[in-house]
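Just so you know, residue 1 is the first one in the sequence shown, and it goes up from there. Just follow the structure's listing: the first ligand is 1, and inside any ligand the first atom is 1.
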Amino acid sequence: MKLYGSSYSPFVRKVMAYAIERGIALEVVPIRFRDQDPGFRAASPFGKMPALVDGDFGISDSSAIIAYLEAKFPDGGLIPTDAEARARTIWFEEYADGELGEAVFAMFFHRITLPKFVGQPGDAAIADAFERDRFPALVDYLESVAPAEGFLVGDRLTLADIAVASPFVNFRHAGVRLDAARWPRATAYLARVHDRPSFAPIIAKETATLARMG
Ligand SMILES: N[C@@H](CCC(=O)N[C@@H](CS)C(=O)NCC(=O)O)C(=O)O
């Protein structure tokens, strides 16, 4: 199976980490933001990454891709079947893709994507205003739900942990430093997820590449 995307996208990184946790082999085909690659475009009607191609089948959107992989490889899935746990997992995925995704768009997009990957100046004021005015409430929420030990839903890793941890990698790349005194549970929880073999090598590679780019 081919996964088109760049791990700098929180949505691509989410699928990559999910696949590593599940032991599902994906060939990552690197593409750029708004890439015109025909294989990618055929699977992603609006040109958004990630896109997955499995033989004749193509699908885009990280949630749709993970729904496909959950159905195709049902043993050991990361979306619980219990009604409440399932709903909470999807809630956290929505918090990540929606609220935190908006934060990525404001801060990472303007500080990193535009200047470093697209070659255009970002709007620092948009990023700064978001970090100052809106970002703290998003982390306050994570602080209120982050467990002292273990995971967001139940007693095992689920898609909730992967989805929530992924955009925080972007915030770190964008120079956002979480205040561990204000958010002790959230910072410790995120560090635990980011230390997993599904995230740590990806984060290290991204960080080294950004450092080389200056
Ligand atoms: N809901 C989608 C969001 C995908 C998305 O917005 N990807 C961005 C990169 S982070 C993209 O490719 N944007 C291109 C564009 O907006 O034209 C998902 O979960 O995959």
Side-chain angles (χ1 to χ4, degrees), residues 1-22 24 26-54 57-72 77-79 89-123 126-127 130 135 138 158-176 198-199 202-203 205-207 209-210 213:
M1 284 181 287
K2 286 184 179 173
L3 182 74
Y4 288 89
S6 156
S7 76
Y8 289 100
S9 158
F11 308 104
V12 175
R13 191 187 303 107
K14 172 183 150 192
V15 176
M16 290 170 68
Y18 168 90
I20 293 168
E21 290 285 352
R22 301 254 357 240
I24 298 171
L26 294 180
E27 179 199 343
V28 178
V29 181
I31 54 165
R32 292 175 172 276
F33 189 69
R34 296 183 182 157
D35 207 293
Q36 296 300 324
D37 179 286
F40 165 60
R41 287 277 163 166
S44 181
F46 300 109
K48 293 189 181 184
M49 61 172 84
L52 181 88
V53 173
D54 184 12
F57 178 72
I59 190 81
S60 73
D61 187 280
S62 60
S63 302
I65 292 168
I66 288 172
Y68 175 72
L69 296 174
E70 286 275 306
K72 186 166 170 129
L78 295 183
I79 301 179
T89 298
I90 301 303
W91 156 255
F92 282 121
E93 188 186 21
E94 284 300 309
Y95 158 67
D97 292 359
E99 314 296 336
L100 299 178
E102 201 184 341
V104 171
F105 193 71
M107 300 191 293
F108 183 82
F109 186 74
H110 285 285
R111 290 178 184 164
I112 304 289
T113 309
L114 282 178
K116 289 193 190 287
F117 297 136
V118 181
Q120 291 173 12
D123 188 334
I126 291 177
F130 197 102
F135 186 64
L138 299 178
T158 68
L159 174 59
D161 303 295
I162 293 169
V164 168
S166 184
F168 278 93
V169 178
N170 292 75
F171 304 146
R172 196 203 294 190
H173 289 326
V176 178
S198 52
F199 273 99
I202 296 174
I203 296 172
K205 192 173 172 192
E206 290 176 2
T207 305
T209 303
L210 283 176
M213 292 170 92

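F92 and Y95 have perpendicular rings, their planes meeting at more than 60° on a 0 to 90° scale where under 30° would count as parallel. In this structure, Y8 and F108 have parallel ring planes: the angle between them is below the 30° cut-off, well short of the 60° mark.
Using a cutoff of 4.0 Å between basic side-chain nitrogens and carboxylate oxygens, D35 and R41 are not scored as salt-bridged. Using a cut-off of 4.0 Å between Lys/Arg side-chain N and Asp/Glu carboxylate O, R32 and D37 are scored as not salt-bridged.
The ligand atoms of ligand 1 that sit less than 4.0 angstrom from a heavy atom of S9 are 9 (C), 10 (S). Atoms of ligand 1 found under 4.0 Å from any heavy atom of P50, numbered from 1 in the order shown, are 20 (O).
Using modelled atom types and a 3.5 Å distance limit, the side chains of R13 and S7 yield no donor-acceptor pair. Side-chain contact of E27 with Y4: a donor-acceptor pair under 3.5 Å is absent, judged by distance alone.
In terms of polar-atom proximity, F33 is not counted as a contact of ligand 1, lacking any N or O under 3.5 Å from an N or O of the ligand. In terms of N/O distances under 3.5 Å, ligand 1 is not approached by K48. The shortest N or O to N or O distance between S62 and ligand 1 is below 3.5 Å.
Residue contacts with ligand 1 for R34 involve side-chain atoms from C-beta outward but no N, CA, C or O (heavy atoms, distance under 4.0 Å).
At the top of the distance list for atom 2 (C) of ligand 1, counting protein heavy atoms only, stands D61 OD2, 3.3 Å. For atom 4 (C) of ligand 1, the closest heavy atom belonging to the protein is M49 O, 3.2 Å.
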